[in-house]
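Here is the structure we will look at, set down as structure tokens.
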Amino acid sequence: MSRTASTARFSTVPVLWLAAFFAVGIAAASYVELDQYLLAGLAGISAFLALAFRASTAATALIVLAFAAAGGVAYKTQVESVRPDRIKVLYDSGIVISGSPVEVEGVITGRPEPSAEGHFLTIRTDRIRYRGEDRKTSGNVRLFLPISNNDVEAPRLKHGSRVVVACSVEREDEYLNPGVLRRPEMLDQMGIDASGSIKSALMIEHIADESVFRPLAWIYDRRADLIEQFTMELSPAAAGVMTASLLGDKHFLDRETAQVFREGGTFHVLVISGLHITFIGGLLLLIVRSATRRRSLQFLITISILWAYAVAVGAEVPVVRATIMFTIVLISYVLYRQASMLNSLGLCALILLVWRPSDLFNASFHLTFVSVAAIIAIAYPLIDGMRKIGKWAPTEHEPFPPASPDWFRRF
């Protein structure tokens, strides 16, 4: 293969390759003990040399090396940025025993999440009191408050409420089936350090309401209002389906309804995923295009509403991935450029890995990108090639039909 052909093949999807080597750097840093500053120096020197010798074929290898080293730096930075006062560090090191009674002080992030049996509270902790000793802490704790005890107190809590809670918090597994992901790993993927339960609303002391980003608080309030409206005006089964499929809250889904969807192989419809984001984004764009022809305005309105929805349904990693990719594709639409789907996928992966390098080892991350890459790199080209074969007509440049069997051409 000639050097020109090789270069052209690489340059068609450069961002995908850069994301791949960034991921290689993350994987290498997770298995090999490498100094963070050494990797940072290697990345900087490689980038400088690539710029200095950009006319040389060696520039490609230097860029690849720079991105791989940068991936290692990102992973090491995430690992070493875990402060010694993090809740999960205190529990993993045995300073605080899992399941022991504690008093947690912090700020509620997001409005208390309603369910059929109670409320879930996510608290960004500042302090923990254990065995009469106060410790400054960081990290998030997720607590469950049963509905029978919170009829009065729970509605008063909101996004930004500072509280002190007496509860039992756990991080370790009590029982674990073979092959099942361990509880600490599941919590880490969710961004939660530990979880627990509150016996009564009387165990919650509401200290104050801190200042918050008002648009974010408004989104959380509208989500809670919709859930309340669904539960009041619809049957329990219908309300469960609506809250799960539209708002990403599966806590109202009853066992029988969930089993029907599982047996029909359609349970994924009840989980907010890239399919939902793409459909909603496309529908929004279609509506906005009917109101204005300015692409910049179409972009701003569509993306603002789509990101607000992504936050409202919990901003879980699959949702964020899909929203980032839709944003990237829509940017190319605004700039009147044909979007390269593989490049868009690579840029999306690069952004997410810079944000959270450890997601590279997440099964959800693998499933999302492998499935999307298979559709983009295999299914789309195959369908496009078959369409061209089926629609062939004699032209000056293609006077003869493509070299393929008759049965395939008819198919």
Side-chain donor-acceptor pair present, Gln36, Thr77, cut-off under 3.5 Å: yes
Any donor-acceptor N/O pair, Ser46 side chain to Ala43 backbone, under 3.5 Å: no
Nearest atoms (heavy-atom pairs only) where Gly282 meets Phe326: N-CZ, 3.6 Å
Counterpart residues, side chain to side chain donor-acceptor pair (under 3.5 Å), relative to Gln78 (two or more places apart): Ser358
Ile128 CD1 to Glu133 CD distance, which is reported to the nearest 0.5 Å: 11.0 Å
Exam field: side chain Ser304 to backbone Ile301, donor-acceptor pair closer than 3.5 Å: no
Qualifying residues under ring pair (Phe, Tyr, Trp, His ring centres under 6.0 Å), relative to Phe144, sequence neighbours excluded: Phe120
Greater than 12 external heavy atoms within 6.0 Å of Tyr380's OH: no
Contacts of Thr368 that satisfy side chain to side chain donor-acceptor pair (under 3.5 Å) - sequence neighbours left out: Arg321
Donor-acceptor contact present, side-chain Thr243 to main-chain Gly240, <3.5 Å: yes
SB check Arg129 Asp134 (cutoff 4.0 Å): yes
Electrostatic pair Arg162:Asp126 at N-O distance under 4.0 angstrom: yes
Under 3.5 Å donor-acceptor, Thr257 side chain and Leu253 backbone: no
Ion pair check, Arg127 and Asp85, cut-off under 4.0 Å: no
Ile95 side chain reached by Tyr130 side chain, heavy atoms, under 4.5 Å: no
Residues that Asp193 engages under salt bridge (charged side-chain N to carboxylate O under 4.0 Å, His left out), provided they are two or more places apart: Arg86
Arg294 atom CZ, neighbour heavy-atom count above 12 within 6.0 Å: no
Verdict with supporting geometry, Thr122 and Asn140, side-chain hydrogen bond (donor to acceptor under 3.5 Å, both in side chains): CA-CA 7 Å; Thr122 301; Asn140 298 321; over 6 Å; no
Pairs involving residues 31-56, ordered by first then second residue, that meet salt bridge (Lys or Arg N to Asp or Glu O under 4.0 Å) (sequence neighbours left out): Glu33-Lys76
Salt bridge (charged side-chain N to carboxylate O under 4.0 Å, His left out) partners of Glu185, counting only residues at least two apart: none
Any residue meeting salt bridge (charged side-chain N to carboxylate O under 4.0 Å, His left out) with Glu205, in chain and number order, not counting sequence neighbours: none
By side chain to side chain donor-acceptor pair (under 3.5 Å) - contacts of Thr137 (at least two apart): Thr125
Under 3.5 Å: donor-acceptor pair, side chain of Ser56, backbone of Ala59: no
Pairing residues for Glu113 by the side chain to side chain donor-acceptor pair (under 3.5 Å) criterion, not counting sequence neighbours: Arg223
Ser332 side chain vs Val329 backbone, donor-acceptor pair below 3.5 Å: yes
Minimum heavy-atom distance Leu342-Ala377, with the two atoms named: CD2-CB, 4.2 Å
Side-chain donor-acceptor pair present, Tyr333, Gln298, cut-off under 3.5 Å: yes
Phe48: ring pair (Phe, Tyr, Trp, His ring centres under 6.0 Å) partners, not counting sequence neighbours: none
pair Asp221-Arg111: side-chain heavy atoms closer than 4.5 Å: yes
Partner set under side-chain contact (heavy atoms from CB on, under 4.5 Å) for Val212, not counting sequence neighbours: His159, Ala217
Check: Arg171 main-chain N/O paired with Ser98 side-chain donor or acceptor under 3.5 Å: yes
Residue pairs, two or more places apart or on separate chains, that pass salt bridge (Lys or Arg N to Asp or Glu O under 4.0 Å) and touch residues 238-265: none
Distance in Å, Glu103 CD paired with Cys167 SG, rounded so as to fall on 0.5 Å steps: 9.0 Å
Donor-acceptor pair, side chain of His276 and main chain of Gly248, under 3.5 angstrom: no
